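Remarks on the structure that follows.
Values below: every heavy atom of this structure, side chains too, minus hydrogens, waters and symmetry copies. These numbers come from a predicted model, not from an experiment. Numbering starts at 1 and runs along the sequence shown.
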Amino acid sequence: MRKLLFSVAIATATIAAAVPAAASAQGYGHQGHGNQGQGQQGWNRGGPSRAAINDLLGDLSRVDNGIARSVQRRIISQREAFGLRREASQVRAQLNRASRNGINNREFAMLRGQVNRLETRLRIERRDRDGRRG
């Protein structure tokens, strides 16, 4: 009976040691920037690097701060700010949806373009001095 329990304990310890090694061999750890040419593994399926996504999120945050500052200084109206904030939240929601299954380069390029247009729109709204959208 003791030999059987001892054998079961050794087998359990061996399996427990093998499971983390097998999981790390499947490519779920850090895979570096870009992840190009590695198929559908990891968090971004060969898409943009984590640094690029963080830059995109930083740009969105800067736009939000710019909207708030512009409203506080009365450079743009509340109505203009509402439209800009709505567009920023839509971009953020699209990024969250795309990130669930990993974001690919096409989705990232589309989101980058939307953020660039949003930055341009904020710049235009600051300069028009009419208090109206568009």
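Rounding to the nearest 0.5 Å gives a distance of 9.5 Å between OG of Ser70 and CD of Glu80. From Ile53, atom CD1 reaches atom CD1 of Ile103 across 5.0 Å, with rounding to the nearest 0.5 Å. With values rounded to the nearest 0.5 angstrom, Leu118 atom CG is found 5.5 Å from Ile67 atom CD1. Expressed to the nearest 0.5 Å, how far CD of Glu125 lies from CG of Leu84 amounts to 5.5 Å.
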Requested in this report: Evaluate the side-chain contact (heavy atoms from CB on, under 4.5 Å) criterion for residues Arg106 and Met110: first the C-alpha distance (whole Å), next the side-chain angles of each, then the deciding distance (0.1 Å), finally the verdict.
Outcome: CA-CA 6 Å; Arg106 179 182 232 174; Met110 180 188 69; 5.9 Å; no
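Take Arg117 and apply the side chain to side chain contact (heavy atoms under 4.5 Å, CB included) test, not counting sequence neighbours, and it matches Gln114. Applying the side-chain hydrogen bond (donor to acceptor under 3.5 Å, both in side chains) rule to Arg69 yields no partners; only residues at least two apart in sequence or on another chain are considered. In this structure Glu119 satisfies the side chain to side chain contact (heavy atoms under 4.5 Å, CB included) test together with Asp59, Val63, Val115, Asn116, sequence neighbours excluded. Checked against salt bridge (Lys or Arg N to Asp or Glu O under 4.0 Å), Asp55 has no partners two or more places apart in sequence or in another chain. By the salt bridge (Lys or Arg N to Asp or Glu O under 4.0 Å) test, Arg85 is found to be paired with no residue, residues two or more places apart in sequence or in another chain being considered.
Checked options Leu122, Asp128, Ile124; the residue passing with Arg126 is Leu122 (criterion: side-chain contact (heavy atoms from CB on, under 4.5 Å)). When Asn65, Val91, Leu111 are each tested for a side-chain contact (heavy atoms from CB on, under 4.5 Å) with Leu60, only one passes: Val91.
Annotation: salt bridge (charged side-chain N to carboxylate O under 4.0 Å, His left out) contacts involving residues 87-102, sequence neighbours excluded, comprise Asp64-Arg92, Glu87-Arg121.
When all heavy atoms of Ala81 and Val71 are compared, the closest pair comes out as CB-CG2, 3.2 Å.
Without hydrogens or angle criteria, Ser99 side chain to Gly102 main chain gives no donor-acceptor distance under 3.5 Å.
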